[in-house]
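Comments concern the structure below.
Counting starts at 1 for both ligands and their atoms, following the listed order. From a predicted model like this one, the values you see are computed outputs, not experimental measurements.
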Amino acid sequence: MADTINQATRKGFLVDTSRCIGCRSCQVACKQWNKTDADITSNKGTFENPRDLTPALFNRIRFVESEASGAVSWQFLNERCMQCGDAGCMKVCPSPGALYRTKDGIVAYNKEKCISCKYCVSACPFNVPRYDANDKVSKCNLCQSRIEGGMTPACAKACPTESLKFGNRSQLIAKATAAKKTLYGENDLLGLGVVYALEGPPEQYGLPAKPSIPMSIFLWKDVIKPLGILGFWGSIGAMLLHYVTIGPKKIDDETGKGDGHE
Ligand code: SF4
Ligand code: SF4
Ligand code: SF4
């Protein structure tokens, strides 16, 4: 069961890739607002920088590079937490309140309640959560404090082309649909909070065509791990039972062997 979201008031982003010019003002604005450290990177022969999300980088521009007739061209994708309607990270988190849904539909987090188990990393279909130097979860929370203060998230505010549009999710989708945009994330995982208008197939942008929560994480969390713990305590119980009913194992001083009581 997914947690409940009020779709009428749900906030979200519409990311129109056709309008993005790759200026990365969104990356910088996020760092500035959240006071995160600079990431030390090195040149790998591409303009994409940094090349992955980090604990101090909550959104970044993915450069999709292609070459035709000797000319290089790019498409850009703003990469971040998708604020999934059915959020794998929340589903597997064993610590109440570490990851939670706000009234605006945001997947927010409380580092003080994070127990560093990293289940959320394995459960995220988009490989988003990162861990900071204190081993606590770190990701975009849609500028929760700005939204609650009636402001636009810093990245959307800084975007000079309105490629990042923030607002009521349903209204953003209605406008994009009326403009005949090809949308990604409208219905996946009970609707992503960050919906994309793409100019090609999702795979071209490095997005999964059909995002889903890996079932293996539930198998590990709900079945294998409890069985393992049961097995551990079962062994302790068997040893205690052996001690009480048969007594401690005796070692023959001469042979060094036990008395056969295993
Ligand atoms: S993208 Fe990943 S981290 Fe973000 S809400 Fe979805 S599952 Fe959680
Ligand atoms: S919404 Fe806020 S926290 Fe999220 S990427 Fe934009 S600026 Fe950063
Ligand atoms: S600020 Fe806007 S135009 Fe610039 S890289 Fe970010 S999304 Fe693209």
Side-chain angles (χ1 to χ4, degrees), residues 2-3 5 10-36 47-49 53-64 74-93 98-102 104-109 114 118-131 137-149 151-167 184-185 188-197 207-208 211-214 217:
D3 54 307
I5 305 178
R10 186 178 181 187
K11 299 278 199 308
F13 267 71
L14 193 286
V15 181
D16 186 343
T17 54
S18 72
R19 299 179 74 93
C20 182
I21 55 173
C23 67
R24 287 175 288 207
S25 302
C26 46
Q27 289 182 196
V28 176
C30 180
K31 280 191 169 291
Q32 193 177 31
W33 174 256
N34 290 291
K35 297 188 173 59
T36 54
F47 288 114
E48 188 182 56
N49 184 38
L53 295 174
T54 75
L57 184 71
F58 303 156
N59 87 116
R60 73 170 197 116
I61 295 298
R62 187 182 294 164
F63 281 53
V64 181
W74 292 275
Q75 287 174 303
F76 307 111
L77 184 90
N78 182 276
E79 182 185 347
R80 58 173 63 230
C81 170
M82 304 290 205
Q83 315 295 336
C84 309
D86 185 13
C89 57
M90 283 179 63
K91 270 190 158 168
V92 296
C93 181
L99 286 156
Y100 61 98
R101 181 85 57 190
T102 72
D104 295 313
I106 297 163
V107 179
Y109 56 98
C114 174
K118 298 188 175 68
Y119 283 157
C120 56
V121 174
S122 310
C124 176
F126 300 101
N127 183 30
V128 166
R130 297 290 186 269
Y131 278 78
V137 66
S138 186
K139 70 174 190 72
C140 164
N141 64 359
L142 229 67
C143 279
Q144 183 186 6
S145 61
R146 286 179 69 95
I147 292 176
E148 287 171 1
M151 292 188 283
T152 300
C155 53
K157 180 92 178 161
C159 178
T161 62
E162 294 193 352
S163 172
L164 302 179
K165 289 198 193 81
F166 168 76
Y184 175 87
D188 296 301
L189 297 165
L190 300 182
L192 305 181
V194 178
V195 177
Y196 289 84
L207 292 168
S212 61
I213 304 167
I217 187 72

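- Cation-pi check for R146 over F166 is not met; the charged atom does not lie both under 6.0 angstrom from the ring centroid and within 45 degrees of its normal.
- Less than 4.0 angstrom separates some heavy atom of P129 from each of these atoms of ligand 1: 3 (S).
- Atom 8 (Fe) of ligand 1 has no N, O or S atom of C124 under 2.8 Å away, backbone or side chain.
- Considering only non-hydrogen protein atoms, atom 8 (Fe) of ligand 2 sits nearest to C30 SG, 2.2 Å.
- Ligand 1 lies less than 4.0 angstrom from a heavy atom belonging to P125.
- Side-chain contact check for V128 versus R80: every heavy-atom pair is 4.5 Å or farther apart.
- Using a 30° and 60° split on the angle between ring planes, F47 and F63 fall in the tilted class, from 30° to 60°.
- Using a 4.0 Å cut-off to heavy atoms of F126, the atoms of ligand 1 that qualify are 1 (S).
- Closest approach of V137 to C120, counting heavy atoms only: CG2-SG, 4.1 Å.
- Protein heavy atom in closest approach to atom 1 (S) of ligand 1: M82 N, 3.4 Å.
- Comparing P153, C81, C143 by heavy-atom distance to atom 2 (Fe) of ligand 2, the nearest is C143.
- For the pair Q144 and D104, the minimum side-chain heavy-atom distance is 4.5 Å or more.
- Using a 4.5 Å cut-off on side-chain heavy atoms (C-beta onward), C155 and F13 make contact.
- Figure legend: cation-pi geometry between K139 and Y109 absent, as NZ or CZ is not positioned both under 6.0 Å from the six-membered ring centre and within 45° of its axis.
- The minimum heavy-atom distance linking Q27 with N59 is given by the pair CG-O, 3.4 Å.
- Atoms of ligand 2 lying under 4.0 Å from at least one heavy atom of N34, given by number and element, are 3 (S), 8 (Fe).
- Within the protein, the N, O or S atoms sitting under 2.8 Å from atom 6 (Fe) of ligand 3 are C26 SG.
- Counting protein heavy atoms only, atom 4 (Fe) of ligand 2 is closest to C140 SG, 2.3 Å.
- Looking from atom 6 (Fe) of ligand 1 to the surrounding protein, the closest heavy atom is C84 SG, 2.3 Å.
- Minimum interatomic distance between E48 and R62 (heavy atoms only, all atoms of both residues): OE2-CA, 3.3 Å.
- Interface atoms of ligand 1 facing K139, defined by a heavy-atom separation under 4.0 Å, are 3 (S).
- Of all atoms in ligand 1, numbered sequentially from 1 with element shown, those under 4.0 Å from a heavy atom of G88 are 7 (S).
- A pairwise comparison of heavy atoms in I106 and N141 identifies CG2-O, 3.2 Å as the closest pair.
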>> Is there a side chain to side chain contact (heavy atoms under 4.5 Å, CB included) between Y100 and T102? Walk through the geometry before answering.
In response: CA-CA 7 Å; Y100 61 98; T102 72; 4.1 Å; yes

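- Counting heavy atoms from C-beta on, the side chains of F126 and P208 come closer than 4.5 Å.
- In R80, the part holding a heavy atom less than 4.0 Å from any atom of ligand 2 is the side chain.
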